[in-house]
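To start, the structure under review is shown below, and the notes come after it.
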Amino acid sequence: EQLSQLRSAWVLAQKLGRVLVLPTLTCGLDRLWWEINGTIPGTDTPLPISPCPADLVLDLEVLMRNHGRDGRLVAVREYSFLQNPRLPAELRT
């Protein structure tokens, strides 16, 4: 469900020429470069993970290079971008 909603948000941001602020994601599994059965051996990470690091769910390198059909790149920001104290107040609303 969350990946489907994320895809819709990406398409909308691309069509409108806007920055996509990623939503808070929840991970049901850990992810590595090799096959594991859901958790990294030797860790005590409780599942689900929330908030989940975006790179556990998304291939961020591909996402940052992926252009829409009209050639526009979608800029992506982390879920906590709008809560960052360094962000100017006029951008938070």
Side-chain angles (χ1 to χ4, degrees):
E1 175 83 19
Q2 70 181 356
L3 292 179
S4 174
Q5 293 171 346
L6 183 57
R7 182 181 184 282
S8 296
W10 188 88
V11 169
L12 190 59
Q14 191 270 333
K15 294 289 182 191
L16 297 174
R18 300 294 208 153
V19 172
L20 173 61
V21 178
L22 294 172
T24 302
L25 301 170
T26 300
C27 295
L29 302 171
D30 269 340
R31 183 175 118 179
L32 282 176
W33 301 274
W34 63 87
E35 189 173 327
I36 58 173
N37 72 351
T39 58
I40 298 172
T43 65
D44 16 339
T45 303
L47 297 175
I49 302 168
S50 184
C52 176
D55 66 342
L56 284 184
V57 178
L58 307 168
D59 188 336
L60 295 175
E61 289 182 31
V62 171
L63 184 67
M64 298 305 274
R65 290 191 314 256
N66 195 2
H67 293 68
R69 289 189 182 141
D70 66 358
R72 284 194 282 184
L73 181 66
V74 174
V76 177
R77 302 291 182 266
E78 65 183 37
Y79 75 93
S80 60
F81 176 74
L82 296 174
Q83 286 78 44
N84 189 318
R86 294 177 295 178
L87 186 69
E90 61 270 13
L91 296 179
R92 291 184 203 180
T93 57

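Numbers here are sequence positions counted from 1. This one's a predicted model, so the numbers in the text were calculated from it and none came from an experiment.
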| Applying the 4.5 Å side-chain criterion to the ILVMFWY set and letting contacts propagate, would Leu87 and Val19 be lumped into a single cluster? | no

| task | Enter the distance from Glu78:CD to Asn84:CG here, rounded to the nearest 0.5 Å. | result | 7.5 Å

| request: Under the side chain to side chain contact (heavy atoms under 4.5 Å, CB included) rule, collect the residues that match up with Ser50, sequence neighbours excluded. | output: Thr24, Thr26

| query | Looking at residues at least two apart in the chain, or sitting in another chain, which of them share a side chain to side chain contact (heavy atoms under 4.5 Å, CB included) with Pro85? | reply | none

| task | State plainly whether one hydrophobic cluster holds both Leu58 and Val76, where clusters connect Ile, Leu, Val, Met, Phe, Trp and Tyr through side-chain heavy atoms under 4.5 angstrom apart. | result | yes

| task | Locate the shortest heavy-atom distance separating Pro51 from Tyr79; write the atom from each residue and the value. | result | CG-OH, 3.2 Å

